[in-house]
Structures are given as C-alpha cells and as structure tokens.
Amino acid sequence: MFMSDLSQSKLIRIPFSGFLKLELPRFTLRVLDIVDSHNPEELKIKEMFDLLEAEKPRIARLKDKYGPHPLTFELNSMREMRTFYISSLRFHLKKANKEMKSSHKVEVTLVNNELNHFFNNLELSKNEEMFIQKINLFFDAIEANEELESSFSILGFTEQLNNLRHVHSSIKSLINTRLRSISKRKGETTAQLRKYVIVATTNLVKQIEIAPFMNP
C-alpha cells in the first residue's frame, strides 16, 4: 500500500552494509521476482526495474564469485604428495644412517646437513613462492656440487629425488596455469560488484516510493 502523504517515511530501509556475502544477491533476486510479479510496466516502475534486471550478470558473479578454482583441488593433492616425498627423503636418510654410516660416514653427514639446511622448518615458509624457492635452491645445490650429487647417489636417493623433482615441477606448472586462467577473469572486485547492484536496487526502491505521486 502507498500513502498519499508526501511526508511519508521511506518504503523500505535496506541494511546493505550488514548483508553477508550471499545475502545481497539473494535479496536482489527476490526483489526482482516480487516486482516482476506485480507488472512493473503497469506500476510505472519499469525503467528502474529494467536497470536492475540488467545487473543480473553482476548479481550472478556476486552470488558465486568464481569459487575455488578448478585446479585448486589438484594442486592441493600435489602439495600433499610433495610433503610425503620430502618426508621420504628424511626416512631414507635414517635408513642409510643405520645401514651405511660406518662405510659412508662422509656421505651421510653431507646429505644430512643438506636436508637440514633446506627442509628444516620448511612448513614455516610464509607463502607458496618461498616454499617453491627453497626446493629450487635444494636441487640447484645438488647440481652445482658433484660431491653432494655423488653422495645422494651412493646412498640410494635417486628414486626419492626423482619423485620430489617430478611433483615439484607439476606444482609449478599448475600454479602458472591457474594464474593465467585467473588473469583472464573479469577484473571487477566484490566491492565494485556490490556497488553496482546496491545502486540499481536502491534506485528501484526509490522509484517505487515516488510512483504513487508521479502517477496518482
């Protein structure tokens, strides 16, 4: 019902700032459904209704702001394998230490120092980039030091190193693929999407408020 008194209070006070992430798109779509069911053209509010209707693509992106990237699950699985292979290096060193320490003490010590240097507190890396960089440096150190490379080979680390190298390469490839994919997405932020939708919704409500006075 519309009041004929020009001093009427606002039809609705919408607490946009208090809406949770999914509440704004749900509310806006509900507004569109309700207004559409009352024939906006007949009520002389079709202009603002159409403008809000035109925001449906943004409402859809706001409703599900991309969500988890399709590659994220595979990437997390690869990270778990990476952690497993790093643990396998430590386990194999313990095995070599028991079996070969007497005959290959120098090699065991060299490999032990190298693993501790690169992999102790690896989980404390601030981000994925630092994690990857440490592993890059680990393999670079092996390639640059013939004695170290020979020590890993003598102690039977070939399989463990190949496994880690393979999963490490896969992770870097997946991250690059995901970044390229994300860069192709439309650049509007959530804040920008909310602004467009809120303005269009507010304008429709305002037109509903003044419609009785413009079209008595």
Side-chain angles (χ1 to χ4, degrees), residues 20-22 57-58 60-194:
L20 299 177
K21 181 178 180 180
L22 293 179
R58 284 193 174 102
R61 296 205 298 277
L62 190 59
K63 186 176 181 181
D64 183 12
K65 182 61 175 173
Y66 302 118
H69 193 280
L71 291 177
T72 298
F73 178 80
E74 184 178 358
L75 186 56
N76 287 339
S77 178
M78 288 288 183
R79 287 170 177 149
E80 289 178 1
M81 291 303 300
R82 178 179 62 189
T83 299
F84 173 78
Y85 289 140
I86 290 174
S87 296
S88 74
L89 289 174
R90 298 183 186 279
F91 176 79
H92 191 79
L93 178 61
K94 290 180 180 179
K95 182 172 178 289
N97 189 39
K98 289 184 178 181
E99 295 178 351
M100 305 186 211
K101 185 174 182 180
S102 58
S103 56
H104 296 288
K105 185 176 181 179
V106 173
E107 288 83 357
V108 168
T109 301
L110 187 58
V111 168
N112 180 63
N113 291 340
E114 202 68 15
L115 292 181
N116 286 336
H117 176 68
F118 286 104
F119 295 143
N120 270 7
N121 300 320
L122 185 62
E123 66 280 357
L124 298 180
S125 299
K126 292 182 179 180
N127 51 49
E128 181 75 23
E129 184 179 353
M130 289 183 63
F131 206 114
I132 287 175
Q133 184 61 22
K134 285 184 178 181
I135 297 179
N136 284 339
L137 291 173
F138 170 69
F139 284 116
D140 288 346
I142 294 176
E143 292 179 7
N145 188 328
E146 291 186 8
E147 183 181 6
L148 178 60
E149 185 175 18
S150 176
S151 296
F152 273 107
S153 178
I154 290 172
L155 298 178
F157 276 88
T158 302
E159 180 181 353
Q160 286 76 17
L161 290 175
N162 286 342
N163 287 338
L164 179 59
R165 186 180 284 109
H166 175 72
V167 76
H168 180 57
S169 176
S170 297
I171 286 174
K172 291 192 293 184
S173 177
L174 278 174
I175 288 175
N176 288 335
T177 301
R178 189 176 66 167
L179 287 174
R180 286 195 298 270
S181 173
I182 291 174
S183 69
K184 294 178 182 178
R185 292 172 170 175
K186 291 191 176 180
E188 290 177 325
T189 65
T190 298
Q192 291 171 326
L193 293 173
R194 284 178 59 88

Q) Do side-chain atoms of Ser87 reach the backbone of Thr83 as a donor and acceptor pair under 3.5 angstrom? A) yes

**Q.** CD on Glu80 to CG on Leu75, rounded to 0.5 Å
**A.** 10.5 Å

Q: Evaluate the side-chain proximity of Phe118 to Ile86: yes if any heavy-atom separation is below 4.5 Å, no if none is.
A: no

Residues 143-156 side chain polar contacts: donor-acceptor under 3.5 Å, at least two apart:
unit_1: Asn145; atom_1: OD1; unit_2: Glu147; atom_2: N; d: 3.0
unit_1: Asn145; atom_1: OD1; unit_2: Leu148; atom_2: N; d: 3.0
unit_1: Ser151; atom_1: OG; unit_2: Glu147; atom_2: O; d: 2.9

Q: For side chain to side chain contact (heavy atoms under 4.5 Å, CB included), just list the numbers for Leu115 and Leu93, CA-CA rounded to whole Å, side-chain angles, deciding distance to a tenth of an Å, and then say yes or no.
A: CA-CA 9 Å; Leu115 292 181; Leu93 178 61; 3.8 Å; yes

Q | Any residue meeting salt bridge (charged side-chain N to carboxylate O under 4.0 Å, His left out) with Arg90, in chain and number order, not counting sequence neighbours | A | none

Q: Mind checking the NZ-CD1 spacing from Lys172 to Ile135? Nearest 0.5 Å is all I need.
A: 9.0 Å

Q: State, to 0.1 Å, how close Ile175 and Ile132 come at their nearest heavy-atom pair, and which atoms those are.
A: CD1-CD1, 3.6 Å

Q. What is the ring orientation for His92 with Phe157, classed by angle as parallel under 30°, tilted 30 to 60°, or perpendicular over 60°?
A. perpendicular

Q.
Would Arg79 pass as a cation-pi partner of Phe131, given that its NZ or CZ must be under 6.0 Å from the six-membered ring centre and within 45 degrees of the axis?
A. no

**Q.** Atom pair CG/CG of Leu179 and Leu174 - distance to nearest 0.5 Å
**A.** 11.0 Å

Please output the side-chain donor-acceptor pairs of residues 162-170 that fall under 3.5 Å, not counting sequence neighbours, one pair per line with the distance.
unit_1: Asn162; atom_1: OD1; unit_2: Arg165; atom_2: NH1; d: 3.2
unit_1: Asn162; atom_1: ND2; unit_2: Thr158; atom_2: O; d: 3.3
unit_1: Asn163; atom_1: ND2; unit_2: Glu159; atom_2: O; d: 3.3
unit_1: His168; atom_1: NE2; unit_2: Asn136; atom_2: OD1; d: 2.7
unit_1: Ser170; atom_1: OG; unit_2: His166; atom_2: O; d: 3.1

**Q.** Separation between CG of Asn76 and CE of Met81, rounded to the nearest 0.5 Å
**A.** 14.0 Å

